[in-house]
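Step one of this worksheet: look at the structure below.
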Amino acid sequence: TLVASDAGLRAILWPDEAPIGVFADPCTQKKAPPIGSSAAELAAAVAAVPGTDLVSAPADVTVGGYPAKHVVLTFGEDADCNADGQLSADEFYLWYSTSAGNARYASELGSTIRVWIVDVDGAIVWIDGETYKGAGPEPGQEIQQIVDSIQFE
């Protein structure tokens with residue numbers, strides 16, 4: 001996991017295992033059934049996480065020379081589980097993997113999460129990057145530059 005922060009937080013997360021599903025109710029942490037292992041199925045599920053706003057629908061891209069799906073989401077007032085305008089780190093869950101406790105949550109209302117789901121010879125590699133509301137374009141561009149530099153060996 002690489003995390004860099006300043007006034008316009010940006011973070012890149014590369015979990016040890018790719019998610020297998022999303023939460024049907026992110027506020028109660030109710031899991032939807034596992035999706036499957038294809039990048040297309042996972043991207044479609046990410047694009048439909050309740051309480052999120054789809055900025056960019058699943059698109060075909062290449063990461064490190066391998067086919068991938070890219071999805072961009074934001075989190076607005078619908079992501080506020082307490083209706084107090086303050087999203088805490090353990091309230092709004094997005095997707096989960098097979099290991100207990102290995103799940104991703106939204107960090108802040110108004111943040112943007114960019115997801116790349118890469119098919120590396122049949123193995124799914126999951127990369128996501130987050131920027132906070134009002135960060136401007138630079139943090140998102142920096143995340144894209146890092147993803148563009150990834151090479152698989």
Side-chain angles (χ1 to χ4, degrees), residues 1-5 8-27 29-79 87 89 91-133 135-153:
T1 303
L2 167 69
V3 176
S5 64
L9 173 79
R10 57 201 157 278
I12 290 185
L13 302 172
W14 190 321
D16 5 349
E17 60 183 352
I20 60 167
V22 299
F23 286 86
D25 184 345
C27 289
Q29 299 175 20
K30 179 182 178 196
K31 294 178 181 177
I35 303 300
S37 60
S38 84
E41 291 170 315
L42 289 166
V46 166
V49 171
T52 64
D53 297 315
L54 186 62
V55 174
S56 178
D60 293 325
V61 297
T62 302
V63 175
Y66 289 90
K69 290 289 187 181
H70 182 238
V71 183
V72 182
L73 305 171
T74 60
F75 307 94
E77 296 303 317
D78 290 343
L87 181 69
E91 291 177 345
F92 193 82
Y93 278 69
L94 304 166
W95 38 83
Y96 63 92
S97 63
T98 56
S99 298
N102 196 355
R104 174 73 155 98
Y105 49 80
S107 300
E108 181 178 273
L109 286 175
S111 67
T112 299
I113 293 186
R114 297 157 179 86
V115 179
W116 293 265
I117 305 167
V118 189
D119 184 337
V120 180
D121 295 330
I124 296 296
V125 175
W126 187 284
I127 305 163
D128 70 65
E130 183 172 6
T131 57
Y132 282 176
K133 181 179 180 178
E138 292 84 12
Q141 291 167 350
E142 290 176 8
I143 289 171
Q144 184 63 57
Q145 288 171 345
I146 292 169
V147 171
D148 289 345
S149 74
I150 291 172
Q151 296 295 313
F152 298 96
E153 296 181 5

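FYI, side chains are in, hydrogens and waters are out, and symmetry mates aren't considered; it's all heavy atoms of this structure. Note that the numbering runs from 1 along the sequence shown for the chain.
- Using modelled atom types, one side-chain atom of S38 and one backbone atom of E41 make a donor-acceptor pair closer than 3.5 Å.
- Inter-residue side-chain proximity for L94 and T52 is flagged as met; some heavy-atom pair is nearer than 4.5 Å.
- Using a 4.5 Å heavy-atom threshold, the side chains of Y93 and V49 count as separate.
- Aromatic ring centres of W116 and W126 lie farther apart than the 6.0 Å criterion allows.
- Contact check for K69 versus L42: no side-chain heavy atoms found under the 4.5 Å cut-off.
- Under the 3.5 Å distance criterion, with hydrogens and angles disregarded, no donor-acceptor pair is assigned to the side chains of S56 and R114.
- Donor-acceptor pairing under 3.5 Å is recorded for the side chains of Q144 and D148.
- In this structure the side chain of D53 never reaches within 4.5 angstrom of the side chain of L73, judged on heavy atoms.
- Nearest heavy atoms, K133 versus G110: CB-O, 3.3 Å.
- Distance NE2/H70 to CD1/I127: 10.0 Å, rounded to 0.5 Å.
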* Quick one: do T62 and V118 satisfy side chain to side chain contact (heavy atoms under 4.5 Å, CB included)? Show the steps, please. => CA-CA 8 Å; T62 302; V118 189; over 6 Å; no

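- The two residues P58 and A43 make their nearest non-hydrogen contact at CG-O, 3.6 Å.
- Here the side chains of I35 and W95 are not in contact, with every heavy-atom distance at 4.5 Å or above.
- The two residues T131 and A135 come nearest to each other via the heavy atoms CB-CB, 4.4 Å.
- Of the inter-residue distances, the one linking D128 atom CG with I143 atom CD1 reads 9.0 Å to the nearest 0.5 angstrom.
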* To do: Would you please test I113 and V72 for side chain to side chain contact (heavy atoms under 4.5 Å, CB included) and show each step?
  => CA-CA 6 Å; I113 293 186; V72 182; over 6 Å; no

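- Inter-residue side-chain proximity for V22 and K31 is flagged as unmet; no heavy-atom pair is nearer than 4.5 Å.
- Checked by atom type and distance alone, the side chain of Y96 pairs as donor or acceptor with a backbone atom of A32 at under 3.5 Å.
- The only option from V125, V61, V63, I124 that meets the side-chain contact (heavy atoms from CB on, under 4.5 Å) definition with I117 turns out to be I124.
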* To do: Let me see the working for Q29 and F23 under side chain to side chain contact (heavy atoms under 4.5 Å, CB included), right down to the final yes or no.
  => CA-CA 6 Å; Q29 299 175 20; F23 286 86; 4.1 Å; yes

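- With E17 contributing its side chain and S99 its backbone, the two residues share a donor-acceptor pair below 3.5 Å.
- Nearest approach of G136 to P139, heavy atoms of both residues: O-CD, 3.5 Å.
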